[in-house]
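For clarity, every value in this text was computed on a predicted model and none was experimentally measured. Numbers restart at 1 for each chain; the letters A, B, ... are given by sequence-line order, proteins then strands. Side chains included, hydrogens not; waters and symmetry mates left out as well; all remaining heavy atoms used.
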Number of protein chains: 2
Amino acid sequence: MLSMQNVTKTYEMHRQKVVALDDATLEIPEGDFVSLIGPSGSGKSSLLVMLGGMLSPTSGRVMLNDQSMYDLDADGRARMRKANIGFVFQTFNLIPYLSAQENVQVPLYLSGTAAAEQRERAAELLQRVGLGDRLDHKPNELSVGQQQRVALARMLANDPAVILADEPTGNLDPETSEQVIGYFEEFNREGRTIVMVTHSPAAAERAKRVLKLRDGKIIDDRASLQQ
Amino acid sequence: MLSMQNVTKTYEMHRQKVVALDDATLEIPEGDFVSLIGPSGSGKSSLLVMLGGMLSPTSGRVMLNDQSMYDLDADGRARMRKANIGFVFQTFNLIPYLSAQENVQVPLYLSGTAAAEQRERAAELLQRVGLGDRLDHKPNELSVGQQQRVALARMLANDPAVILADEPTGNLDPETSEQVIGYFEEFNREGRTIVMVTHSPAAAERAKRVLKLRDGKIIDDRASLQQ
Ligand SMILES: Nc1ncnc2c1ncn2[C@@H]1O[C@H](COP(=O)(O)OP(=O)(O)OP(=O)(O)O)[C@@H](O)[C@H]1O
Ligand SMILES: Nc1ncnc2c1ncn2[C@@H]1O[C@H](COP(=O)(O)OP(=O)(O)OP(=O)(O)O)[C@@H](O)[C@H]1O
Ligand SMILES: [Mg+2]
Ligand SMILES: [Mg+2]
């Protein structure tokens, strides 16, 4: 359902060419649960963001449901993304002038949900991640781990078929991390496809499959230790 | 050398009063190495930022070398901070329009180092954290873990007597995390005082002493398991 065919991403810097992803080919069938690991700077976020239709490859193709994502125009790709993919960014990307509840309402608003239901669903999702008493706080009035949980709640809002999560537990304590990995296992059991970048070896083994990157190349693709 | 006396920090929100830190008293002797753990939202960043002279308590006092930090004016406090404390923020706070090297030069510039030596020392520090080939990259041209390492290099620039680090390995892979904890052990052996917020139980036990927060209160203060 999601695949990359010979995807390369390079950045031209004044003195050097930086290869963020180097000829990556991979296939993720519907219902898979993949963790993506590798050293800092190895290309994980680049891979995830390209898989999510948000960064065009320098060469190669990214397919979602047999549609080549970057052969669509920006609007077509955005529509495809909104309909199918829930994203958790490594830096959350919350809207600073909106409250936690309003941030979670954004995707619901974009998918045409009625206002009253938007607020109710956003409140439920925030309650679920332990932020029921922080609905009106703006991002800078929240701890970093709380901001991360708002980003998680927002990702869940439209019941996405595909979840792409970049370090979803990076700023969370062990108990909350466990809770979050538990949700992901639950979503996967419900049939959603999940790709999760993580630096936590323990979290990585909770997926079904582990992909390892180094210097922009996929150097390993194996079943997780719990399979 | 660093202490808090009955420090409370509250935020007045429209509908509620949020207690970020609740009557915290603690003493950190010179040369100590303290890790600070606790659930997301429990007050760790608030405590660290107040200890570093960057957020005034609602009540209580913070002492550095017998000087009450918040009884100084903003300039006096800033001078005291620059002379004594190296800080690693949970969100790095790099200057977006400066390169990695220029970001690390900033504290050297502020402490009156000559320009050529600024550049040289910044390059060495970045080399040390594995970013020797990323000197000219701006923060948005770096991976998140690389941005974190720039923040670490910047913290080291003025050879600080006190290191306050908020999640210094939060976005780093296991190998780089190990390297960073290794530096902190080294700095501590050199006589620097370290307070490190971390969500990693393993990293926490590499300190000498572990403080635990919950709901803004210090609920535990013990020797680390490796002592
Ligand atoms: N400007 C603010 N206005 C209102 N509440 C705030 C503000 N800043 C922080 N808080 C609240 O204070 C509490 C403590 O925040 P703090 O950032 O210190 O937590 P933390 O322990 O560092 O959490 P994390 O592990 O998620 O980084 C949180 O519940 C947060 O919602
Ligand atoms: N806009 C850019 N311009 C130049 N180089 C870039 C840019 N964005 C990323 N890079 C480089 O591409 C490489 C891959 O970056 P990426 O963010 O994908 O790494 P990552 O595996 O997610 O790392 P981390 O674990 O630190 O988050 C890095 O070496 C980085 O310096
Ligand atoms: Mg990344
Ligand atoms: Mg914090």
Side-chain angles (χ1 to χ4, degrees), chain A residues 11-16 18 20 37-47 49 89-92 99 129-131 133-150 166-167 169-177 179-180 197-202 204 212-214 216, chain B residues 11-16 18 20 37-47 49 89-92 99 129-131 133-150 166-167 169-177 179-180 197-202 204 212-214 216:
Chain A
Y11 293 103
E12 298 293 325
M13 304 291 291
H14 9 242
R15 232 169 297 176
Q16 31 163 213
V18 177
I37 64 175
S40 170
S42 58
K44 304 177 299 295
S45 296
S46 303
L47 190 158
V49 165
F89 293 91
Q90 195 172 3
T91 50
F92 325 145
S99 69
V129 295
L131 293 176
D133 61 351
R134 291 283 185 274
L135 300 185
D136 301 330
H137 285 232
K138 295 199 168 43
N140 69 346
E141 295 166 337
L142 294 170
S143 78
V144 173
Q146 290 169 339
Q147 293 173 36
Q148 186 157 39
R149 285 183 271 156
V150 174
D166 200 342
E167 296 287 350
T169 66
N171 284 286
L172 301 176
D173 51 286
E175 294 69 32
T176 323
S177 295
Q179 194 183 6
V180 168
V197 172
T198 181
H199 279 309
S200 159
K212 191 178 208 170
L213 279 184
R214 178 175 295 150
Chain B
Y11 294 104
E12 298 294 326
M13 305 290 291
H14 9 241
R15 232 169 297 177
Q16 32 165 210
V18 177
I37 64 176
S40 170
S42 58
K44 305 177 298 296
S45 296
S46 303
L47 191 156
V49 165
F89 293 92
Q90 195 172 2
T91 49
F92 324 145
S99 70
V129 295
L131 293 176
D133 62 350
R134 290 284 184 274
L135 299 184
D136 300 329
H137 286 232
K138 294 196 169 44
N140 69 345
E141 295 166 336
L142 294 170
S143 77
V144 173
Q146 290 167 339
Q147 293 173 36
Q148 186 157 36
R149 285 182 270 156
V150 175
D166 201 342
E167 296 287 351
T169 66
N171 283 285
L172 301 175
D173 51 285
E175 293 69 31
T176 323
S177 293
Q179 192 182 7
V180 168
V197 172
T198 181
H199 280 307
S200 159
K212 190 177 207 172
L213 278 184
R214 176 175 296 149

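With sequence neighbours left out, the ring pair (Phe, Tyr, Trp, His ring centres under 6.0 Å) criterion links B:Phe92 to no other residue. B:Glu167 meets the side-chain hydrogen bond (donor to acceptor under 3.5 Å, both in side chains) test with B:His199; sequence neighbours excluded.
The shortest heavy-atom contact between A:Gly38 and B:Asp173 is O-CB, 4.0 Å. B:Ser40 and A:Gln146 make their closest contact through OG-N, 3.5 Å (heavy atoms, listed as atom of the first residue, atom of the second, distance).
In this structure, chain B has no heavy atom under 4.5 Å from any part of A:Glu175. With a 4.5 angstrom heavy-atom cutoff, B:Thr91 touches chain A only via side-chain atoms. For A:Gln16, the part lying near chain B is the side chain, with the backbone staying farther off; criterion is any non-hydrogen pair under 4.5 Å. When heavy atoms are compared at a cutoff of 4.5 Å, B:Ser143 approaches chain A solely by way of its side chain, counted from C-beta outward. Looking at B:Asp136, both its backbone and its side chain come within 4.5 Å of chain A, counting heavy atoms on both sides. Residue contact with chain A, scored on non-hydrogen atoms closer than 4.5 Å, involves the side chain of B:Glu141 exclusively. Looking at B:His14, the atoms closer than 4.5 Å to chain A (heavy atoms on both sides) all sit in the side chain, from C-beta outward.
By the neighbour-count criterion of 12 heavy atoms within 6.0 Å, atom NZ of B:Lys212 is sparsely surrounded, having that number or fewer from other residues, nucleotides or ligands.
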